[in-house]
Every structure is written in C-alpha cells, then in structure tokens.
Amino acid sequence: MAIICKLREIAAVSLFSICTLSNASPVPVHLVGDTVDFYYDKSQSGMAAYGELFVVGNSIFSQPTTFSANAANGSTESINAFGTITIVAQSGYSFDAMHVAQFGDYQLSGSGATNNVSGTLSVSDSNNASTASTDALFVTGLGINDGQTHEWQATAGFDLSTAMWSNVNSIELSLDSLLSASTSTTGESAFTQSKFVGGGMVTIETSAVPVPAAVWLFGSGLLGLAGIARRSNRT
C-alpha cells in the first residue's frame, strides 16, 4: 500500500509540473539591433502569416511565403496578419522616428477581378498606454488589370522626436495587415501576396542622448581641481 501511495504522489507531482509548464508565460524572442532591441512573442495568433523575423541594423523584416490571398471563378479570399513587437532603445539612445514598408505582388485577370491591401500601424509607450498613435497604411501600385504580375507597396510611420515621446525608451509597435482578392464569375482570377522584399519591414531611427551641460561643467571642474592638486604637489 505504501508503494502505491508513493507512486500516486509521484504521478500527482509530475502532473502538476506539466500543468505549470503549460501555463507558463511564453519566452519572447529577443533580436538585437545596432541601438535598439526587439522583443516579440512568436506564438501570437496573427504573427504566423508574417513568417520568421530577422534584424539588420535597426530594421526588422521578414520574407513570408504564405501571406497571400487567391480567388478564381467567382470566389473571394482574404487573410489577416497581426503582431506586436516591443522595441527598447539601448542605453544612451532615444527614439527619433520609425517607418514601416510593406511590399508585395498582385495579378488581376477579368473585369470583375479585384484585390485590396489595407492595414494600420499603432505605437504606444510600453509604460503608459495613453501615449499612443495610429496611422493607416498608405498603399500604392494596385489596380492594373491585365493578367500580368505587378508590385504594390504600403508605408506608414511616426515622428518619435516630439515632446509627446520625450523620455520614452520602450514602445509597443503593432502592425495589422489585410490582403483580399475577389472575382465575380468563371474565368476570372485575382492574386495578392505580401513579400517584404527590398527593405526593412520596420526601421527605427535613434540618436544619441545628449550629455547635459552640467555634466560637462562638472567634468571641467574636476580637471581644474586635478591641475591645482598637481601644482600644489610641486610646491
């Protein structure tokens, strides 16, 4: 009986450990830029469409292979991607601006074939959600219906050097993108994809935090005292 009770105890402890692990908070992915750090949870439900994220300099980007909408012969399809990234300015730097550039291909064939790209970019202070801004993606290049492949691009951005963002060193950046394709009858086709080729999906601009004048004066004072001390030692 003692052995059976012990086995039950071990099983209970093991089950508790498994439950604890399954309920644990996901560990964020950490990518290091030149003057900023990027953090994100890759298990976000809308993040998968963007694909794997990479960093070069202060730009984070991806080249997704499944972020596309296809329609033919009277059908309609749409796909939505959404993800939030935490961006932290490294010590000695502050945010100046941020830009988003999204690129893709599309193809339309048939008078009833249409497609659309839309979305919003939002940014907020990680420590104060009321400090926030939202901008709609500005999309260009869509509309050519000749059965050939053409390119589109979408852009958005924020000036983070204004008083509103002063002393903010960590921001939450959310990108919501929607692709859609539609056809009205047999024989028509529509295709839209996002591929992010040609630049950073998100690019952050920073500048070095200026050293206060008082620090320079304090440093100059120390140098002056050191010079006086040397002269005193010589006498």
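Owing to the predicted nature of the structure, the values given are computational and were not obtained by experimental measurement.
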- Is any side-chain heavy atom of Phe82 less than 4.5 Å from a side-chain heavy atom of Tyr50? no
- Message: Tell me whether Asn73 contacts the main-chain N or O of Gly187 through its side chain, where contact means a donor paired with an acceptor under 3.5 Å.
- Response: yes
- Message: Can you confirm whether the side chains of Ser122 and Ser174 place a donor and an acceptor under 3.5 Å from each other?
- Response: no
- Message: Under 3.5 Å, is there a donor on one side chain and an acceptor on the other for Asn116 and Ser180?
- Response: no
- Task: Answer yes or no: does atom CG of Asn128 have more than 12 heavy-atom neighbours from other residues, nucleotides or ligands under 6.0 Å?
- Result: yes
- Can a donor-acceptor pair be found between the side chains of Ser62 and Glu52 at a distance below 3.5 Å? no
- Task: Using only heavy-atom distances, determine whether the side chains of Thr120 and Thr134 contain a donor-acceptor pair under 3.5 Å.
- Result: no
- Query: Any donor and acceptor pair, going by atom type alone, linking the side chain of Asn58 with main-chain N or O of Asp34 inside 3.5 Å?
  - Reply: yes
- Expected output: side-chain Asp125 to main-chain Ser130 donor-acceptor under 3.5 Å: no
- Validation row: Glu188, Ser111 side chains within 4.5 angstrom (heavy atoms): yes
- Query: Okay, side chain of Tyr39, backbone of Val88: is any donor-acceptor separation there less than 3.5 Å?
  - Reply: no
- Query: Does a donor on one side chain and an acceptor on the other come within less than 3.5 Å for Asp37 and His30?
  - Reply: yes
- Indicate yes or no for a side-chain donor-acceptor contact from Thr76 to the backbone of Ser182 under 3.5 Å, with no hydrogens or angles considered. no
- Query: Are any non-hydrogen side-chain atoms of Ser68 and Glu77 less than 4.5 angstrom apart?
  - Reply: no
- Query: Should Leu173 and Thr84 count as side-chain neighbours, where that means a heavy-atom distance under 4.5 Å?
  - Reply: no
- Message: Is the shortest side-chain heavy-atom distance between Thr86 and Tyr40 below 4.5 Å?
- Response: no
- Keeping the roles fixed (side chain from Gln90, backbone from Val36), state whether a donor-acceptor pair exists under 3.5 Å. yes
- Message: Can you confirm whether Met164 sits close enough to Thr131 that some side-chain heavy atom of one is under 4.5 Å from a side-chain heavy atom of the other?
- Response: yes
- Query: Between Trp152 and Gln102, is there a donor-acceptor pair closer than 3.5 Å when you use the side chain of the first and the backbone of the second?
  - Reply: no
- Main-chain N/O of Ser75 paired with Thr183 side-chain donor or acceptor, under 3.5 Å: yes
